[in-house]
Protein chains: 2
Amino acid sequence: MAAQRGEGDGVVTSPEAPADVRERARAIPEAAVARLAVYLRVLSGMVEQGVTTISSEELAGAAGVNSAKLRKDLSYIGSYGTRGVGYDVEVLVSHIERILGLTRKHSVAVVGIGNLGHALANYGGFPSRGFPVAALFDIDPDLTGVPVGGIPVNHIDDITSVCSEREVSIGVIATPPQAAQAVCDRLVSAGVQCILNFAPVVLQVPDYVEVRKVDLAVEMQILSFHVARRADEAASDVVNGIGVDGVVIRP
Amino acid sequence: MAAQRGEGDGVVTSPEAPADVRERARAIPEAAVARLAVYLRVLSGMVEQGVTTISSEELAGAAGVNSAKLRKDLSYIGSYGTRGVGYDVEVLVSHIERILGLTRKHSVAVVGIGNLGHALANYGGFPSRGFPVAALFDIDPDLTGVPVGGIPVNHIDDITSVCSEREVSIGVIATPPQAAQAVCDRLVSAGVQCILNFAPVVLQVPDYVEVRKVDLAVEMQILSFHVARRADEAASDVVNGIGVDGVVIRP
DNA sequence: TACCGCTTGTGAACGCATGCACAAAGTTGA
DNA sequence: TCAACTTTGTGCATGCGTTCACAAGCGGTA
Ligand SMILES: NC(=O)c1ccc[n+]([C@@H]2O[C@H](COP(=O)([O-])OP(=O)(O)OC[C@H]3O[C@@H](n4cnc5c(N)ncnc54)[C@H](O)[C@@H]3O)[C@@H](O)[C@H]2O)c1
Ligand SMILES: NC(=O)c1ccc[n+]([C@@H]2O[C@H](COP(=O)([O-])OP(=O)(O)OC[C@H]3O[C@@H](n4cnc5c(N)ncnc54)[C@H](O)[C@@H]3O)[C@@H](O)[C@H]2O)c1
């Protein structure tokens, strides 16, 4: 895989050793990977607007980060900028895609076709970014065979055969929390090594399986924490003789 | 900090000074706040199971973190454990709720009642955790007045009056990306200071507004990165004479 | 060609988060 | 009452991620 990649590709003057790329990929901090995905989205927008070149300062502004961080992030994947000029947008796009593994399609299976599962199955943003939804599963027999977003729902009991047939590499769990661990176990035994979990439970998986969770209640509670913190600050500022808008009261 | 902490604190025999709470809240790292929300969920489950006491080891296992980290996280909010015994589940729940600001209700407004907006509006997990969905907005006149999850949709033009009437403190953006910034601006001028954004765009907001984003495409791409990394490793291991299952080939 | 101005790429410093390891503090049982 | 045992709370070291600041490198210009 690494061997096929960069060799003789015009921008890279000398071919890099495969081991080098591997080392580099391993070394990219997870936080930087998440930002690279954001940069990629911004850059894709730029391509559509016909922008050919962009400086770190501009891109950083559009991505909402500081420019030093952006350059450091990009340096993890190599040096593809031109000093005094900036980055070629298309070159950057292709390199980020390569590092993120987007040169390959990743088929997705959604398990639990309820409120959320329907929304996910109907969402156009996944296929268009290289994540085709290849299978849907539910335990409800009434749903079996019903097409959602163009794909017929399979019964959960067929998960192993269907997943391997359709080469599913990412499993999305949108079942009630009670069912999540069982579903997860079945996905793992079906050979799925990447899981995106919407159910509010902590999944137990083998080491080689990568899990990411999206927990909306936690997000809400983090926001709540900030509201509370602000309220506390305001209260104590008033106590300290400072009004809510920063004006000193009764000096 | 260490000095203030323990003062006369049976379970909470004497009321703590507001300033103390404020200082402590300010100092909690964001990462710890996110985990506290997870601990809270696990603990709530424990209460339902009738568990009254839990050790850091047990709770850490259930929350998927190591126990030292858990104890450090809990130490940010105070010392409410009993050495040799563990933590009283209910006491811990109430203190985490207090720190997260969950003693107060936080009304939520969802903007953009499409695929995702419907799922969110119908989701029972928010109201039950102290985040009542108080208002829904969409630009589509056909949706105006239609009840979704029991709440009639308002037109986006009424956002300011409805939000202040219903004391909305958290705004959820589930509109197409093109509309997201405009919607965000309207929420902010309506006085909403916390925003949860599902649209794949980087929102620009004043400093005092707290934004959290949920970006599924980014999550997918992070998973994709790990798939690619694994594939690279496997490939290079084979090159290095190690088979995919760790067996040395052609030694 | 030599110089100038601009932007990248990165070494180094800093700060935050994590994990270890243990003293302190409590319980239990004799 | 005391000793043995359990578990918390935290000081400290380590590692990771962020930010600063500047040398190196490139294009443009005379
Ligand atoms: N709806 C939301 O907006 C939302 C938001 C945040 C989190 N969540 C979480 O996402 C999950 C799904 O939420 P929802 O609102 O779509 O719930 P839902 O009840 O509408 O749908 C759940 C679906 O999963 C199916 N199911 C149940 N057990 C199953 C099993 N063992 N195998 C396969 N399918 C099974 C059910 O038949 C149903 O169709 C829940 O865990 C919820 O907490 C939902
Ligand atoms: N559906 C998903 O599962 C999913 C997953 C990830 C991200 N998202 C993101 O969430 C957002 C919503 O996705 P969706 O699938 O629900 O889209 P959708 O097209 O089904 O719904 C969008 C809704 O927003 C409304 N809207 C448009 N402009 C508006 C405005 N200015 N003010 C108020 N309402 C407006 C539309 O009338 C529509 O009802 C998108 O940004 C999408 O990228 C969706």
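First the proteins, then the strands, lettered A, B, ... as listed; each starts at 1. Predicted, not measured: the structure shown is a model, and the values here were computed from it. Atom set for the values below is all heavy atoms of this structure, side chains included, hydrogens, waters and symmetry mates excluded.
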Practice item. State, to 0.1 Å, how close F225(A) and I99(B) come at their nearest heavy-atom pair, and which atoms those are. Key: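 Reported closest heavy-atom pair: CD1-O, 3.3 Å.
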Review point. Closest approach of T53(A) and V89(A), non-hydrogen atoms and distance?
Key: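 Here T53(A) and V89(A) meet closest at N-CG2, 3.8 Å.
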Give the rounded distance in Å between these two atoms: [atom1] of [X] and [atom2] of [N].
X	N	atom1	atom2	answer
L74(A)	dG17(D)	CG	P	16 Å
I28(A)	dC16(D)	CD1	P	15 Å
I77(B)	dT8(D)	CD1	P	14 Å
L92(B)	dT8(D)	CG	C1'	12 Å
E30(B)	dG17(D)	CD	C1'	16 Å
D73(A)	dG9(C)	CG	P	12 Å
Y39(B)	dT8(D)	OH	P	13 Å
K72(B)	dC22(C)	NZ	C1'	13 Å

Closest to side chain of [X], choosing from [options]:
X	options	result
N66(B)	dT19(D), dG9(D), dC20(C)	dC20(C)
Y76(A)	dG9(D), dG25(D), dT18(D)	dT18(D)
R71(A)	dC12(D), dT18(D), dA21(D)	dA21(D)
A68(B)	dG9(C), dT18(D), dC20(C)	dC20(C)
Y87(B)	dG9(D), dC12(D), dT8(C)	dG9(D)
K69(B)	dT8(D), dT18(C), dC26(D)	dT18(C)
V85(A)	dG9(D), dC26(D), dG27(D)	dG27(D)
R35(B)	dA21(C), dT18(C), dT18(D)	dT18(C)
S55(B)	dT7(D), dG11(D), dT7(C)	dT7(D)

Exercise for review: Verify the neighbour count for atom CD of E90(B): are there more than 12 heavy atoms of other residues, nucleotides or ligands below 6.0 Å?
Suggested key: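 Counting other residues, nucleotides and ligands, CD of E90(B) stays at 12 neighbours or fewer.
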Exercise for review: Please check the phosphate of dG26(C) (OP1 and OP2 only) for any side-chain N or O of T82(B) closer than 4.0 Å.
Suggested key: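 Looking at the OP1 and OP2 atoms of dG26(C), neither is under 4.0 Å from any side-chain N or O of T82(B).
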Point to revise | Position toward the 5' end of DNA chain D (nearest nucleotide), A32(A) or I54(B) | key: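 Between the two, 5'-proximity favours I54(B).
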Exercise for review: Tell whether R83(B) reaches the base of dT8(D) with its side chain through a donor-acceptor pair below 3.5 angstrom.
Suggested key: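 Looking at the base of dT8(D), it does pair with a donor or acceptor on the side chain of R83(B) (distance under 3.5 Å).
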**Study point:** L100(A) side, atom CG; L36(A) side, atom CG - distance, nearest 0.5 Å
**Key:**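 If we round to the nearest 0.5 Å, L100(A):CG and L36(A):CG are 6.0 Å apart.
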Review point. So, E30(A) versus H226(B): side-chain donor-acceptor pair below 3.5 Å or not?
Key: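 Indeed, the side chains of E30(A) and H226(B) share at least one donor-acceptor pair under 3.5 Å.
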